[in-house]
Amino acid sequence: MAGCRRLSGASLREVLGEAQGVLFDCDGVLWTGERAVPGAPELLERLSRSGKAALFVSNNSRRSVAELERRFSRLGFLHVRGEQVFSSALCSALFLRQRLLGGEAGAGDSLGAPPGRVFVLGGEGLCGELRDAGLHLAGEGGADEPPVRAVLVGYDDQFTFAKLSKACAYLRDPQCLLVATDPDPWHPLSDGQRTPGTGSLTAAVETASGRKAIVVGKPNTYMFECIVERFGVDPSRMLMVGDRLETDILFGKNCGLDTVLTLTGVSRLEEAQAYMASSSPAAKDLVPHYYVDSIADLIPGLDE
């Protein structure tokens with residue numbers, strides 16, 4: 001099927017009619033800054049009335065799921081529950097709980113060994129998700145703390161040389177995991193400027209330590225594996241809607257989902273068209289199946 005088609009009319013009704021539900025990125029899709037995208041709250045209400053699931057996958061590791069739930073409510077999305085939200089902070093905590101507490105590789109030196117701690121480059125929202133998952137953080141115990149078994153890199157606007165040095169010291173231990181919440185290199189600001197993202201900090205840690213990070217967030221599939229485990233969704237009947245070709249659209253392709261690019265965020269239609277014209281197979285994976293100017297354009301495809 002040719003990609004990057006405008007989704008409207010009969011094709012819109014057909015695509016949404018067959019869908020079990022929709023996965024949405026948040027920033028640049030549902031809202032920009034502190035303003036909901038016009039029509040976005042109505043779209044979610046209409047999806048709910050049509051019996052279709054709305055789930056949310058965000059690479060933002062700054063906020064806990066509880067904070068994101070409050071943000072949904074504050075911006076006018078009145079019936080979104082925390083269980084529908086899968087952030088890179090939450091999924092990183094679930095991943096590390098599996099690895100450090102679940103008996104998989106890296107869980108300890110021997111059966112019965114104390115669970116390892118996590119050294120976090122990130123904020124309180126990320127740390128809160130780790131604590132809620134039963135994980136212990138470096139620096140929060142007493143003198144007999146167990147060894148650090150993972151360095152987790154998230155969005156850290158207080159990143160310093162001292163933190164980088166400490167992370168590298170822990171990573172000299174080959175049993176210590178290096179994990180990143182997401183690969184996003186930068187984030188747009190409301191004034192048109194950019195701020196460095198987790199991917200930039202991860203690159204610094206990888207370069208200084210000589211290690212390669214395991215990336216939890218989009219475009220890797222772990223977040224979707226968490227969704228399937230919780231909700232049992234059928235990927236062939238789910239849509240992925242996002243604003244970033246290199247993360248959202250590639251994530252959808254990696255998970256076997258139909259993908260929709262919305263033009264209210266980072267990526268432009270011209271970028272998608274350039275990827276479509278490329279002879280590179282990797283570039284083809286960044287081409288969405290469909291695009292819309294805004295997710296409000298999906299509303300006509302739903303029955304009243």
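Numbers for residues simply follow the sequence, beginning at 1.
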**Study point:** salt bridge (charged side-chain N to carboxylate O under 4.0 Å, His left out) between R62 and E124, worked out
**Key:** CA-CA 7 Å; R62 296 180 64 184; E124 183 54 35; over 6 Å; no
Point to revise | Stepwise side chain to side chain contact (heavy atoms under 4.5 Å, CB included) check, Y290 with L261 | key: CA-CA 6 Å; Y290 308 101; L261 173 69; over 6 Å; no
**Study point:** side chain to side chain contact (heavy atoms under 4.5 Å, CB included) assessment of V29 paired with V241
**Key:** CA-CA 8 Å; V29 176; V241 181; 4.2 Å; yes
Point to revise | Full working for side chain to side chain contact (heavy atoms under 4.5 Å, CB included) between D173 and R149 | key: CA-CA 8 Å; D173 179 355; R149 286 289 180 247; 2.9 Å; yes
Practice item. For V85 and V80, run side chain to side chain contact (heavy atoms under 4.5 Å, CB included): C-alpha distance rounded to whole Å, both residues' side-chain angles, the deciding distance at 0.1 Å, then the answer. Key: CA-CA 8 Å; V85 180; V80 174; 4.2 Å; yes
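Using a distance-only test at 3.5 Å, with no hydrogens or angles considered, no donor-acceptor pair links the side chain of T32 to the main chain of G28. Without hydrogens or angle criteria, K284 side chain to S278 main chain gives a donor-acceptor distance under 3.5 Å. Listed for the S200 side chain is no donor-acceptor partner under 3.5 Å among the backbone atoms of P196. Formation of a donor-acceptor pair under 3.5 Å by the E129 side chain with backbone atoms of L126 is not found in this model. Put simply, the side chain of E42 never gets that close to the backbone of G39: no donor and acceptor are under 3.5 Å apart. Judged by distance alone, the side chain of S11 and the main-chain N or O of S8 form a donor-acceptor pair under 3.5 Å. The main-chain N or O of S88 is found under 3.5 Å from a side-chain atom of S92 such that the two form a donor-acceptor pair. For R268 (side chain) and G265 (main-chain N/O), a donor-acceptor pair under 3.5 Å exists by modelled atom type. Looking at R211, its side chain does come within 3.5 Å of a backbone N or O of C176 through a donor-acceptor pair.
Among residue pairs with one or both ends in residues 242-282, none qualify as ring pair (Phe, Tyr, Trp, His ring centres under 6.0 Å); sequence neighbours excluded. For residues 235-252, the salt bridge (Lys or Arg N to Asp or Glu O under 4.0 Å) pairs, not counting sequence neighbours, are D184-R244, K218-D248. Counting only residues at least two apart or in different chains, ring pair (Phe, Tyr, Trp, His ring centres under 6.0 Å) contacts with residues 190-209 are absent. Sorted by first and then second residue, the pairs that involve residues 158-168 and meet side chain to side chain donor-acceptor pair (under 3.5 Å), not counting sequence neighbours, are D156-K163. Screening residues 206-225 for ring pair (Phe, Tyr, Trp, His ring centres under 6.0 Å), with sequence neighbours left out, gives F95-Y222. Applying the ring pair (Phe, Tyr, Trp, His ring centres under 6.0 Å) test to every pair with at least one member in residues 167-216, sequence neighbours left out, gives these pairs: F119-Y170, Y155-H187.
When all heavy atoms of R63 and A89 are compared, the pair lying nearest together is O-CB, 4.1 Å. Between P188 and V266, the shortest heavy-atom distance links the atoms CG-CG2, 4.0 Å. Across all their heavy atoms, S87 and V65 have their closest contact at OG-CG2, 4.0 Å. Scanning all heavy atoms of the two residues, the minimum distance from P235 to V233 falls at CD-O, 3.5 Å. The two residues L245 and I249 make their nearest non-hydrogen contact at O-CB, 3.5 Å. Summarising the geometry of L7 relative to V292, their closest heavy-atom pair is O-CG1, 3.8 Å, with the distance given to 0.1 Å.
Distance check: D132 CG to L90 CG gives 9.5 Å after rounding to the nearest 0.5 Å. Between the CZ atom of R46 and the OG atom of S50 there is a distance of 6.5 Å, given to the nearest 0.5 Å. How far CG of L23 is from CG of L239: 9.0 Å, rounded to the nearest 0.5 Å. Between the OG1 atom in T259 and the CE atom in M238 there is a gap of 13.5 Å [rounded to 0.5 Å]. Between atom CG of residue L137 and atom CZ of residue R131 there is a gap of 5.0 Å, rounded to the nearest 0.5 Å. Distance check, rounded to the nearest 0.5 Å: CG of N220 to CD of E225 gives 9.5 Å.
F86 and L257 fall within the same hydrophobic cluster, defined by Ile, Leu, Val, Met, Phe, Trp and Tyr side-chain heavy atoms under 4.5 Å apart, directly or through other members. If you chain together hydrophobic residues whose side chains sit under 4.5 Å apart, V216 and V205 never meet in one group. Linking ILVMFWY side-chain heavy atoms closer than 4.5 Å, directly or via other members, places L164 and V179 in two distinct hydrophobic clusters. When the side chains of ILVMFWY residues are joined at heavy-atom separations under 4.5 Å, either directly or via intervening members, L130 and L68 end up in a single hydrophobic cluster. L44 and V15 end up in the same hydrophobic cluster when Ile, Leu, Val, Met, Phe, Trp and Tyr side chains are linked at under 4.5 Å.
Residues E83 and R230 are in side-chain contact: their nearest non-hydrogen atoms beyond the backbone lie under 4.5 Å apart. S294 places none of its side-chain heavy atoms less than 4.5 Å from the side chain of L263. Two residues are said to be in side-chain contact when any heavy atoms from C-beta on lie closer than 4.5 Å; L47 and L302 meet this criterion. Between E206 and V153 the shortest side-chain heavy-atom distance does not fall below 4.5 Å. At a threshold of 4.5 Å between non-hydrogen side-chain atoms, the residues P219 and P183 count as touching. In this structure the side chain of C226 reaches within 4.5 angstrom of the side chain of C91, judged on heavy atoms. In this structure the side chain of R71 reaches within 4.5 angstrom of the side chain of E34, judged on heavy atoms. Here the side chains of T247 and D182 are not in contact, with every heavy-atom distance at 4.5 Å or above.
If you run side-chain contact (heavy atoms from CB on, under 4.5 Å) between L55 and each of M223, Q84, M240, only Q84 comes through. Between F24 and the options V57, T262, L43, a side-chain contact (heavy atoms from CB on, under 4.5 Å) holds for only L43.
Within 6.0 Å of atom CZ in R74, more than 12 heavy atoms from other residues, nucleotides or ligands are found, so the atom counts as buried in its surroundings.
Aromatic ring pairs are classed by plane angle as parallel below 30°, tilted from 30° to 60° and perpendicular above 60°; the pair F56 and F72 is tilted.
Counting only N and O atoms by type, the side chains of N60 and S58 include no donor and acceptor under 3.5 Å apart.
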